[in-house]
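Remember, predicted model here, so these are calculated numbers, not experimental data.
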Amino acid sequence: MNPAAIKEFWEAGGEHLAGLEDWKQLPMMYQMALEELHNKIKLLQSEWKHRQGYNPIEHIKTRIKEPKSILGKMQRKGLALTTDNLVREIHDIAGMRIVCAFVKDIYSLVDHLQTRDDLKVLEIKDYIANPKPNGYQSLHLIVAVPLILMEGPEWIKVEIQLRTLAMDFWASMEHILFYKYDKQVPAHVIKELTEAARAADELDKKMLGLRKEIIALSEGPAGRD
């Protein structure tokens with residue numbers, strides 16, 4: 001997102017955000033934090049590929065939350081519209097989605113991120129081990145990414161959502177259906193979505209089992225012990 005696009009993006013909510021003394025610089029900072037984090041993940045992908053011959057990350061998407069969504073979230077939380085509240089209480093202004101092939105890859109990535117000293121893992125919500133009632137599965141992290149600015153270092157929060165391909169497909173379809181029905185989804189559709197989420201979970205487990213079997217076969221008799 002270039003500076004002109006960022007300016008246009010935030011001006012969409014400018015009539016509401018005008019009371020924030022430094023709101024205009026925030027989108028640039030969050031975008032810089034996303035780019036910094038993306039670069040770290042890309043380096044990690046290259047290292048994994050070089051060392052293990054396998055890159056567990058299928059694809060990565062990033063986004064900056066729309067001003068109207070930020071405002072709505074602040075209102076739902078009952079927060080006064082101040083820059084301090086926005087930065088301190090809204091953790092998903094910058095978002096990254098990382099899609100992996102297998103559940104084990106997600107947990108391996110999380111374990112690695114927790115060991116790094118160039119970012120901080122602030123919060124973990126594991127909706128894979130504990131799916132939401134509708135079947136939604138994903139692992140959410142809130143991380144703080146350091147930016148070295150002219151005024152000094154600044155830690156910017158980014159939300160990371162980690163999913164398998166099957167989880168990402170289900171979540172995308174669920175979003176499309178809810179949008180189509182304007183969130184007034186019939187009960188039978190919700191039931192079918194929940195069953196589809198269980199099917200996606202079974203698919204993940206089946207594919208992981210097949211992967212283990214293929215690895216064992218490729219390693220020969222010793223690998224099957």
Side-chain angles (χ1 to χ4, degrees), residues 34 37-38 40-63 92 95-116 119 121 123-143 158-181 183-225:
L34 271 180
L37 181 59
H38 198 179
K40 294 180 193 299
I41 299 298
K42 286 196 294 184
L43 283 171
L44 182 58
Q45 286 180 279
S46 298
E47 187 176 359
W48 264 334
K49 181 70 173 178
H50 176 73
R51 291 190 176 189
Q52 303 175 14
Y54 167 65
N55 172 21
I57 297 173
E58 292 294 318
H59 58 262
I60 301 169
K61 292 183 179 179
T62 61
R63 65 103 181 96
D92 61 346
M96 174 178 288
R97 183 182 305 156
I98 300 176
V99 177
C100 298
F102 303 103
V103 171
K104 68 178 292 294
D105 297 329
I106 291 174
Y107 287 112
S108 293
L109 179 54
V110 172
D111 288 344
H112 171 77
L113 293 178
Q114 290 180 292
T115 68
R116 296 181 69 112
L119 57 79
V121 176
E123 183 180 324
I124 300 176
K125 291 184 178 179
D126 190 346
Y127 298 115
I128 297 175
N130 302 288
K132 291 187 177 182
N134 66 348
Y136 173 85
Q137 288 187 294
S138 184
L139 198 150
H140 294 192
L141 302 177
I142 303 298
V143 303
V158 178
E159 182 191 57
I160 306 176
Q161 295 181 356
L162 297 111
R163 302 172 180 169
T164 64
L165 289 161
M167 293 172 194
D168 193 51
F169 173 76
W170 182 91
S172 297
M173 291 299 100
E174 192 255 6
H175 177 77
I176 290 169
L177 289 171
F178 268 64
Y179 180 80
K180 178 178 176 62
Y181 283 104
K183 298 185 179 181
Q184 303 300 314
V185 181
H188 74 277
V189 174
I190 292 176
K191 181 181 177 183
E192 292 287 341
L193 276 169
T194 304
E195 291 178 1
R198 285 196 288 267
D201 183 50
E202 288 300 316
L203 177 60
D204 273 333
K205 292 174 181 175
K206 171 68 76 174
M207 298 307 292
L208 181 58
L210 289 171
R211 178 178 181 268
K212 289 178 180 178
E213 185 173 345
I214 290 169
I215 289 174
L217 287 170
S218 68
E219 291 175 346
R224 294 194 291 270
D225 291 338

Report yes if some heavy atom in the side chain of [X] is under 4.5 Å from a heavy atom in the side chain of [Y]; otherwise report no.
{"X": "M167", "Y": "I128", "answer": "yes"}
{"X": "L44", "Y": "L109", "answer": "yes"}
{"X": "N134", "Y": "L193", "answer": "no"}
{"X": "Q45", "Y": "I60", "answer": "yes"}
{"X": "L37", "Y": "T62", "answer": "no"}
{"X": "L34", "Y": "H38", "answer": "no"}

One pair to check against side-chain contact (heavy atoms from CB on, under 4.5 Å): V103 and M207. What are the steps and the verdict? CA-CA 10 Å; V103 171; M207 298 307 292; over 6 Å; no
Might you point out which heavy atoms bring [X] and [Y] nearest each other, and give the distance in Å?
{"X": "C100", "Y": "D105", "result": "CB-CB, 3.9 Å"}
{"X": "A166", "Y": "A200", "result": "CB-O, 3.8 Å"}
{"X": "Y136", "Y": "W170", "result": "CA-CZ3, 3.5 Å"}
{"X": "Q137", "Y": "R163", "result": "O-CG, 4.2 Å"}
{"X": "N55", "Y": "K49", "result": "N-CD, 4.3 Å"}
{"X": "I106", "Y": "T164", "result": "CD1-N, 3.7 Å"}

Test V121 against every option in V110, I142, V143 by the side chain to side chain contact (heavy atoms under 4.5 Å, CB included) rule and name the one that passes. V143
Distance in Å, [X] [atom1] paired with [Y] [atom2], rounded so as to fall on 0.5 Å steps:
{"X": "E159", "Y": "R63", "atom1": "CD", "atom2": "CZ", "answer": "6.5 Å"}
{"X": "N130", "Y": "L139", "atom1": "CG", "atom2": "CG", "answer": "10.0 Å"}
{"X": "L141", "Y": "E123", "atom1": "CG", "atom2": "CD", "answer": "9.5 Å"}
{"X": "R97", "Y": "S172", "atom1": "CZ", "atom2": "OG", "answer": "6.0 Å"}

May I have the step-by-step check of side-chain contact (heavy atoms from CB on, under 4.5 Å) for I124 and Q114, ending in yes or no? CA-CA 10 Å; I124 300 176; Q114 290 180 292; 3.4 Å; yes
Are there more than 12 heavy atoms of other residues, nucleotides or ligands under 6.0 Å from atom NZ of K132? yes
Neighbour count above 12 (heavy atom, 6.0 Å) for H59 NE2: yes
Lys/Arg-Asp/Glu bridge criterion (N-O < 4.0 Å) met for E47, R51: yes
Quick check: does any side chain N or O of S138 sit under 3.5 Å from a backbone N or O of L162, one acting as donor and the other as acceptor? yes
